[in-house]
Number of protein chains: 2
Amino acid sequence: MSDETGARIRKKALALFRKRGFERTTMRDIARAAKVSLGAAYYYFPSKDALVLSYYEDMQLAHDKAARAAFRGANGLEERVRGVLHSKLDVVADDRHLLGAIFRTAVDPESALSAFASSTGGVRQQSVAIFDEAVGDEPMPEDIRALLPKAMWLLHVGMLLYFAHDQSPGQIRTRHLVDDAARVIVPLIAMASLPMLAPMREELVRLVARAFEPQVPSPSTPPAPGESS
Amino acid sequence: MSDETGARIRKKALALFRKRGFERTTMRDIARAAKVSLGAAYYYFPSKDALVLSYYEDMQLAHDKAARAAFRGANGLEERVRGVLHSKLDVVADDRHLLGAIFRTAVDPESALSAFASSTGGVRQQSVAIFDEAVGDEPMPEDIRALLPKAMWLLHVGMLLYFAHDQSPGQIRTRHLVDDAARVIVPLIAMASLPMLAPMREELVRLVARAFEPQVPSPSTPPAPGESS
DNA sequence: GTCTATAACATGATAGAC
DNA sequence: GTCTATCATGTTATAGAC
């Protein structure tokens, strides 16, 4: 019954996390709720953080579906941006306190769950891909097109951080922020596309692109020449 | 000997953190090194995180001095930006692994040390002030002038995060990033100042300003003055 | 070999004696 | 103000059931 047991532990864990928060839920609580021993819980999930990562994956999958649904009714870039961001907030709305736990590990350079670690790379790439879909075939200079999804992913992390700290009722402030950001992005791209600004744009794009370069040769990518600094 | 004991605990703790990292240093190690009991250590510092906050304050003070020294030899905004950012990296260079511990708590909405919590407000305000000095009397539209220090503070947090993850020798990549950013900032301000872009600038400034609005009236500050975030 | 249960350990934090 | 127990909890080790 391995599959069933693991699923039950996971389900109970997420339920407890939602109800009482990450910190105040102990592994013993989880085991008790799932009617297994503490050791069994650890047999299925090597750490408490692993249970959070499990939530992280769930969340990503749910966002994929929600965002694509939003895209279907959307007209133009602004609406797609609004859709991809609001749908993310919808997905995590009931789990704001869990975000804190995720951020804590995501930000730690030593953690395997670090937002920049390769173990979460798959989930992150999937997340960037949905922003790529949001940009779609909106006309813009090639260099901007290449970077925009990553930049949006980064901003969306900031949005989640803001959301996690947002004390306003229904987190209305974050919702407003998203609307404002969506409204601004189209003219911003238009402005950046002005030929007159091409030189500066190139410099900015180069700067951001360099910031995104991988730190270590990832196992799937052979060591690229000329990438030490 | 209260003062002397507390100072000794603090000093030994920071030394151990530097030598062996935050995680691998236990409160018992610290107590032993400072020749006090575990309970005594907790008498002076209510938590392990409190010891990190203590480092955070030290770091801020050191950065103030280092940045002002850099300003004295600097000519123009670009050099001051370079100075304020590089001096920060200089100050934290030997404590990169400590940054991870700081971020972990700074990002957590429940933590008192959260970067957005009022208990760290004093330190953060001081940090924003040094970026205000860096901007100095550079001519630019009023609304940009008001927001720029906060925006720079935010970007500098990103820089520290990047620095903490930077595996390149001597963290040369972060250093290059700082140079690039400094080079870009002056033309960026010039561009944003174009009268032709005033409408969009106003919208952007309003967006960012709203994001910085304080969440709740802090208990230590009466609700009258319009500043805290 | 695959799963489960129990005991033990390390460490952050607390209580109460002196 | 300092100490000695003691607790709570994440994690690991060990032993057993099937």
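Quick caveat, the model's predicted, so the values are computed rather than measured. Just so we're on the same page: letters track the sequence lines, and every chain starts at 1.
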(Q) Between P on C:dT14 and CZ on B:Phe45, what's the gap in Å once rounded to a whole number? (A) 15 Å
Q: Nearest whole angstrom, please: distance from the P of C:dG12 to the CZ of B:Arg104.
A: 11 Å
Q | Cationic N near anionic O, under 4.0 Å, A:Asp166 to A:Arg175 | A |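 No, A:Asp166 and A:Arg175 are not salt-bridged.
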Q. Taking atom types as modelled, is there a side-chain donor on B:Asp90 or B:His63 under 3.5 Å from an acceptor on the other?
A. no
(Q) Side chains of B:Ser54 and B:Arg10 only: does a donor on one sit below 3.5 Å from an acceptor on the other? (A)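 Distance-only check passes for B:Ser54 and B:Arg10.
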Q) Hey, is the main chain of B:Lys35 close enough, under 3.5 Å, to the side chain of B:Lys12 for a donor-acceptor pair? A) no
Q. Is a side-chain N or O of A:Arg173 found less than 3.5 angstrom from the main chain of B:Arg210, in a donor-acceptor match?
A. yes
Q: Tell me, please, which residues at least two apart from B:His165 pass ring pair (Phe, Tyr, Trp, His ring centres under 6.0 Å).
A: A:Phe116
Q) How sharply is the helix from C:dG1-D:dC18 to C:dC18-D:dG1 bent, taking the axes over five pairs at either end and rounding to 10 degrees? A) 20°
Write out a two-atom table: protein N or O, nucleotide N or O from nucleotides 9-11 of chain D, distance below 3.5 Å.
{"residue": "D:dG10", "atom": "OP1", "partner": "A:Lys48", "partner atom": "NZ", "Å": "2.9"}
{"residue": "D:dG10", "atom": "OP2", "partner": "A:Met27", "partner atom": "N", "Å": "2.8"}
{"residue": "D:dG10", "atom": "N7", "partner": "A:Arg28", "partner atom": "NH1", "Å": "2.9"}
{"residue": "D:dG10", "atom": "O6", "partner": "A:Arg28", "partner atom": "NH2", "Å": "3.0"}
{"residue": "D:dT11", "atom": "OP2", "partner": "A:Tyr42", "partner atom": "OH", "Å": "3.2"}
{"residue": "D:dT11", "atom": "OP2", "partner": "A:Lys48", "partner atom": "N", "Å": "3.0"}
{"residue": "D:dT11", "atom": "O4", "partner": "A:Arg28", "partner atom": "NH2", "Å": "3.3"}

(Q) If the cut-off is 4.0 Å, is B:Thr5 near the phosphate of D:dT2, judged by side-chain N/O to OP1 or OP2? (A) yes
Q. Counting just side-chain N and O atoms, does A:Tyr43 come under 4.0 Å of either OP1 or OP2 of C:dT4?
A. no
Q | Nearest listed nucleotide, side chain of A:Ser37, among C:dT6, D:dT2, C:dC3 | A | C:dT6
Q. How about A:Phe22 and A:His97: are their ring centroids closer than 6.0 Å?
A. no
**Q.** Pairwise distance NE2(B:His156) to OG(B:Ser127) - rounded to 0.5 angstrom
**A.** 4.5 Å
